[in-house]
Amino acid sequence: MAQFHQPYDPYYQLQQPPPQPPPPSDRNGINTLFVSGLPDDVKPREIHNLFRRRPGFDSCQLKYTGRGNQVVAFATFFNHQSAIAALHSLNGVKFDPQTGSTLHIELARTNSRRKRKPGSGAYVVIDKRTKMASNAQETSSDDGGSDSDEAPATEIAASANQGDLGSVKSEAGGEPENAAVTANRQSDKTVEGGGNPCSTLFIANLGPNCTEDELKQSLSQYPGFTMLKMRAKGGMPVAFADFEEVELAKKAMEDLQGTLLPSSDRGGMHIEYARSKMRKS
DNA sequence: AGCACA
């Protein structure tokens with residue numbers, strides 16, 4: 001690999017967040033993660049394989065919401081810290097290198113009340129979609145036949161987010177149908193940013209306590225970053241970050257997408273190209 | 001999902 005990049009700024013790990021003590025109404029009791037950004041052909045087994053080796057993992061469920069092709073998942077851990085640790089190590093990971101789809105992981109709003117039944121599988125599927133096309137759903141207990149804890153060499157690297165890492169999809173083994181679907185997905189041109197490329201980025205899903213300063217700290221490690229403007233809309237802050245070049249903005253977006261700030265309480269940043277460039281002045 | 005400044 002040509003590029004070695006620190007997945008996470010060591011700045012955050014070496015320093016305690018000084019100014020704000022956590023609000024008492026925090027989510028310290030949450031041990032379930034909410035996972036979005038999944039491709040619509042994701043399999044429950046893939047979700048399970050994604051989480052099964054994280055310390056403290058209990059169980060997970062995959063939900064095909066009836067809404068479009070949206071698929072979400074919930075992963076439950078035995079305690080809050082384990083959930084947080086898994087969140088940190090997997091958030092922002094490229095789930096499908098073919099499409100560039102990236103995992104967004106946040107703490108769930110409420111713990112999953114589904115308890116893992118002894119003797120049944122470690123994961124569960126809920127399909128709210130109009131099931132007319134196929135029976136491509138699995139109920140549980142499909143683990144590829146082995147419950148070994150040994151990690152294959154292609155396992156997703158902890159904390160990886162920018163380099164090339166093993167494909168999550170291929171980890172579970174090659175089903176022919178799966179490969180066919182995957183091969184079909186490479187026709188999209190604009191998978192990123194949700195809009196036209198722009199040298200200004202729009203940043204959302206910031207925590208209520210996010211400061212301009214900490215955001216600036218993160219952004220200023222990327223070449224071409226010029227300035228930042230924050231604005232609170234309806235209580236939640238959003239930000240606009242300007243770069244010298246579209247490609248530099250793109251790089252920063254790809255790298256920071258889904259990552260957590262110290263102030264984050266609801267998952268990682270959502271970054272898109274801004275609809276219009278920041279006024280130059 | 002949420003896009004301002006002139």
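Just so we're on the same page: letters track the sequence lines, and every chain starts at 1.
Rounded to an integer number of Å, the gap from CD of A/Glu106 to C1' of B/dA1 is 12 Å. Counting to the nearest Å, the P atom of B/dA1 and the CD atom of A/Glu272 are 9 Å from each other. A/Tyr273 places its OH atom 16 Å from the C1' atom of B/dC3, with the value rounded to the nearest Å. One can place CE of A/Met278 at 12 Å from P of B/dC5, the figure rounded to the nearest angstrom. Straight-line distance from the CD atom of A/Glu212 to the C1' atom of B/dC5: 13 Å, rounded to whole Å. What separates NE2 of A/His104 from P of B/dA1 is a distance of 10 Å, to the nearest Å. Protein atom CG of A/Asp242 is 14 Å distant from nucleotide atom C1' of B/dA6, rounded to whole Å. Following rounding to the nearest Å, A/Met269 (CE) and B/dA1 (P) show an atom-to-atom distance of 19 Å.
Side-chain contact of A/Arg275 with A/Asn196: a donor-acceptor pair under 3.5 Å is absent, judged by distance alone.
Scored by the side-chain hydrogen bond (donor to acceptor under 3.5 Å, both in side chains) test, A/Thr110 finds A/Arg113 as partners (sequence neighbours excluded). Here A/Thr226 pairs with A/Asp242 under the side-chain hydrogen bond (donor to acceptor under 3.5 Å, both in side chains) rule; sequence neighbours left out. Take A/Thr32 and apply the side chain to side chain contact (heavy atoms under 4.5 Å, CB included) test, not counting sequence neighbours, and it matches A/Phe74, A/Thr76, A/Ala108, A/Asn111, A/Ser112. The side-chain hydrogen bond (donor to acceptor under 3.5 Å, both in side chains) check on A/Ser82 picks up A/Asn79, with sequence neighbours excluded. The side chain to side chain contact (heavy atoms under 4.5 Å, CB included) search around A/Pro223 returns A/Leu248, not counting sequence neighbours.
As judged by a 4.0 angstrom heavy-atom cut-off over every strand, A/Lys280 is placed among residues making no nucleic acid contact. Within 4.0 Å of A/Arg266, counting heavy atoms only, lies no atom of the nucleic acid at all.
OP1 or OP2 of B/dC5 sits under 4.0 Å from a side-chain N or O of A/Arg231. OP1 or OP2 of B/dC5 has not a single side-chain nitrogen or oxygen of A/Arg279 nearer than 4.0 Å.
Contacts between residues 199-207 of chain A and DNA chain B, defined by a heavy-atom separation under 4.0 Å, are made by A/Thr200, A/Phe202, A/Ala204, A/Asn205.
In this structure, A/His48 has its ring center under 6.0 Å from that of A/Phe57.
Side-chain to base pairing of A/Ser276 with B/dC3: no donor and acceptor N or O lie closer than 3.5 Å to each other.
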